[in-house]
Structures are given as C-alpha cells and as structure tokens.
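In the text below, chain A, chain B and the rest are named by the order of the sequence lines, each starting its count at 1.
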Amino acid sequence: MDFAERVYGIVRAVPAGFVVTYGQVAALAGFPRRARHVGQALGKCPADVPWQRVVGAGGSVRVQPAERQLELLRAEGVVILSTRVDLRRFQWRPGPLAFA
DNA sequence: CCGATGACTCACG
DNA sequence: CCGTGAGCCATCG
C-alpha cells in the first residue's frame, strides 16, 4: 500500500459535512511530515475521493480557484467564515474504530 | 544525478 | 491579517 492509496482511503472515510487538514491526513497515514504530498496525491485522485473535504491547517483553502471547493463544502453544510472553514465545528476526528 | 516545484506548516515581525 | 523564510520530501524534467 503506497502513500497515495492510504491518503485516498482516509479521505474516503471522512463523512460529508466534515473536513480534515493535510497534516492530519498525513499523520493518519503514518507520515506526519508529508502534508504537502497529501495535496500532491489529491491533485490526481480517483473520482470517488471527496477531495474537497481536505483543507489547510487552520481551515484555509489552498486549492485554486478556491471558489470551486468552497461551493462544494457549502453544499454539504459546512460553514465558511470569510474564506476559512470553521474547524471548531467541522473538523472530523476519526473514532477509535474508524480504521480498525 | 541534480535542481526546481509544490492542493503544507510553523515561527516571526 | 499579511508577508517572509525556513524546514520538509516525493516527483519531474
């Protein structure tokens, strides 16, 4: 299982209406220092991967143009506060058995 | 092989 | 809040 595959598996596990950060995904994948590569992998991910649910640390959107991602997130109920996702309420925390 | 690149992050001013 | 700079590291040309 390579890095990208793990990333896709993790992102697919994020429920609609929630988001995770690049660094968080990298850590969950077992590679805490590869936040940048999460983005690289998402750039060419399969269609069934909800890439819009991955944002930068602090809730910032790094995708250009950002409007596209913001639109998809709003559509699933995520509240955007002036170009930033309200992580306080929408960051997903994997439960103990999320990946067992 | 090597340097440039980048959907990152953090510290500082 | 904004810009800078420095670590980071796989991928690309």
message: Rounded at 0.5 Å granularity, tell me how far CD in A/Q91 sits from CD in A/Q24.
response: 4.5 Å
- line: Sorted by number, residues from residues 36-58 of chain A placing a heavy atom under 4.0 Å from DNA chain B are A/R36, A/H37, A/G39, A/L42, A/G43, A/W51, A/G56, A/A57
field: Non-neighbouring partners of A/F3 that pass ring pair (Phe, Tyr, Trp, His ring centres under 6.0 Å), sequence neighbours left out
entry: A/F31
- prompt: What residues in residues 61-70 of chain A put a non-hydrogen atom under 4.0 Å from any atom of DNA chain B?
  reply: A/R62, A/V63
query: With nearest nucleotides of DNA chain C determined for A/R84 and A/R34 from heavy-atom distances, which residue corresponds to the more 5′ nucleotide?
result: A/R84
message: Taking the side chain as everything from C-beta on, heavy atoms only, tell me whether A/V61 gets closer than 4.5 Å to A/T83.
response: no
- prompt: Does A/V14 offer a backbone N or O that forms a donor-acceptor pair with the side chain of A/R53 under 3.5 Å?
  reply: yes
- prompt: Does a side-chain heavy-atom distance below 4.5 Å link A/V54 with A/T21?
  reply: no
- prompt: Is it true that a side-chain atom of A/Q69 and a backbone atom of A/Q52 form a donor plus acceptor pair closer than 3.5 Å?
  reply: yes
query: Would you say A/R84's side chain and A/G59's backbone share a donor-acceptor pair under 3.5 angstrom?
result: no
query: Could you give the start and end, 5' to 3', of the contact zone on DNA chain B for chain A, using atoms under 4.0 Å from its heavy atoms?
result: B/dG6 to B/dC10
message: Any non-hydrogen side-chain atom of A/W51 less than 4.5 Å from a side-chain atom of A/V11?
response: no
field: Side-chain (A/Y8) to main-chain (A/A41) donor-acceptor, under 3.5 angstrom
entry: yes
- request: Can you tell me which residue pairs pass the salt bridge (charged side-chain N to carboxylate O under 4.0 Å, His left out) test with a partner in residues 55-74 of chain A, sequence neighbours excluded?
  value: A/E67-A/R74
Outermost DNA chain C nucleotides near chain A [under 4.0 Å, heavy atoms]: C/dG7 to C/dT11
Side-chain touch A/V19/A/W92, heavy atoms, less than 4.5 angstrom: no
query: Distance from A/D86 atom CG to A/I80 atom CD1, nearest 0.5 Å?
result: 9.0 Å
